[in-house]
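To start, the structure itself, in structure tokens.
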Amino acid sequence: PDRRCKGYFWEETLYEGPKLSIGPRLVAANGVTEINSPSDLTELNTRSADLALAEICRLLPAAPEDIRELTLLKRGMTNTTFRFLHEGQPCIVRIPTGQSSIRLCRRREGQVYRALEGRGICEDVLCFEEATGVKLSRFLKDVRPCDPQNHQDVARCMTLLRSFHQANIQTAHTFDL
């Protein structure tokens with residue numbers, strides 16, 4: 001972090017002299033959806049759910065009637081995530097957005113999932129498609145982040161982190177932001 005900005009509100013860091021400088025974020029026309037009303041948002045969510053259902057059915061494979069309770073969980077910068085039931089089992093489908101290929105290498109992500117497979121370290125990945133980044137996995141029930149104020153939580157996390165480190169799991173690449 002720039003020490004010159006310490007103690008300022010974030011908006012104040014955007015000033016260059018008396019002028020507020022916020023540059024535009026340029027995106028392709030097909031990467032934007034205009035939303036002017038609640039019904040526009042409902043239509044967008046319906047299209048997203050239809051795409052998710054098609055991807056789920058293609059990858060499992062399954063018929064649309066075999067997929068129940070398809071629910072939007074999260075729409076983020078790199079992914080849209082839905083929860084659903086298949087054969088009574090709760091699952092997740094993660095569908096990348098247009099910007100994700102700029103930020104992430106799905107081939108490397110696939111290498112990581114293969115290295116972690118069967119170790120109980122991450123969710124049970126049912127299908128991961130490197131070409132598209134679409135991932136199907138089992139939904140983890142009763143999972144929550146570590147509470148940094150709870151010493152027992154932190155101790156358990158450190159024990160797991162230590163055992164993960166000692167497992168010396170490696171891939172052919174390094175992670176570099």
Distance check, rounded to the nearest 0.5 Å: [X] atom [atom1] versus [Y] atom [atom2]?
X: L160; Y: H165; atom1: CG; atom2: NE2; value: 14.5 Å
X: K74; Y: R94; atom1: NZ; atom2: CZ; value: 10.0 Å
X: R138; Y: H86; atom1: CZ; atom2: NE2; value: 8.5 Å
X: K135; Y: L126; atom1: NZ; atom2: CG; value: 10.0 Å
X: I67; Y: E87; atom1: CD1; atom2: CD; value: 8.5 Å
X: C57; Y: E65; atom1: SG; atom2: CD; value: 8.0 Å

Checklist entry - Is there any ring-ring contact (aromatic ring centres under 6.0 Å, His included) pair reaching into residues 120-140, and which pairs are they, with sequence neighbours excluded? => result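 Every pair satisfying ring-ring contact (aromatic ring centres under 6.0 Å, His included) with a residue in residues 120-140: Y113-F128.
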
[X] versus [Y], closest heavy-atom pair with distance:
X: Q111; Y: T171; result: O-CG2, 4.0 Å
X: P90; Y: K141; result: CG-CE, 3.5 Å
X: P148; Y: C146; result: CD-O, 3.2 Å
X: T132; Y: P96; result: O-CG, 3.1 Å
X: R119; Y: A167; result: NH1-CB, 4.5 Å

Consider only side-chain heavy atoms of I, L, V, M, F, W and Y, link residues closer than 4.5 Å, and tell whether [X] and [Y] are in one cluster.
X: L116; Y: V125; result: no
X: L51; Y: I92; result: no
X: L72; Y: L53; result: yes

Item to check | Partner set under side-chain hydrogen bond (donor to acceptor under 3.5 Å, both in side chains) for R144, not counting sequence neighbours | outcome: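 If we apply the side-chain hydrogen bond (donor to acceptor under 3.5 Å, both in side chains) test to R144, skipping adjacent residues, the hits are D153.
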
Checklist entry - Taking NZ, NE, NH1 and NH2 as the nitrogens, is one of them in E117 or R114 under 4.0 Å from a carboxylate oxygen of the other? => result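 No salt bridge links E117 with R114.
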
Next on the checklist: Does any part of the side chain of H173, heavy atoms only, come nearer than 4.5 Å to the side chain of V112, both counted from C-beta?
Outcome noted: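 The answer is yes; the side chains approach within 4.5 Å.
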
Item to check | Close side-chain approach of I56 to L70, heavy-atom, < 4.5 Å | outcome: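 Touching, per the 4.5 Å side-chain cut-off.
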
Next on the checklist: Under the criterion side-chain contact (heavy atoms from CB on, under 4.5 Å), I'd like the reasoning laid out for L60 against C127: C-alpha separation, chi angles, the key distance, then a yes or no.
Outcome noted: CA-CA 8 Å; L60 278 177; C127 177; over 6 Å; no

Checklist entry - Would one find more than 12 heavy atoms of other residues, nucleotides or ligands at under 6.0 Å from atom CG of N168? => result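 Correct, the count exceeds 12.
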
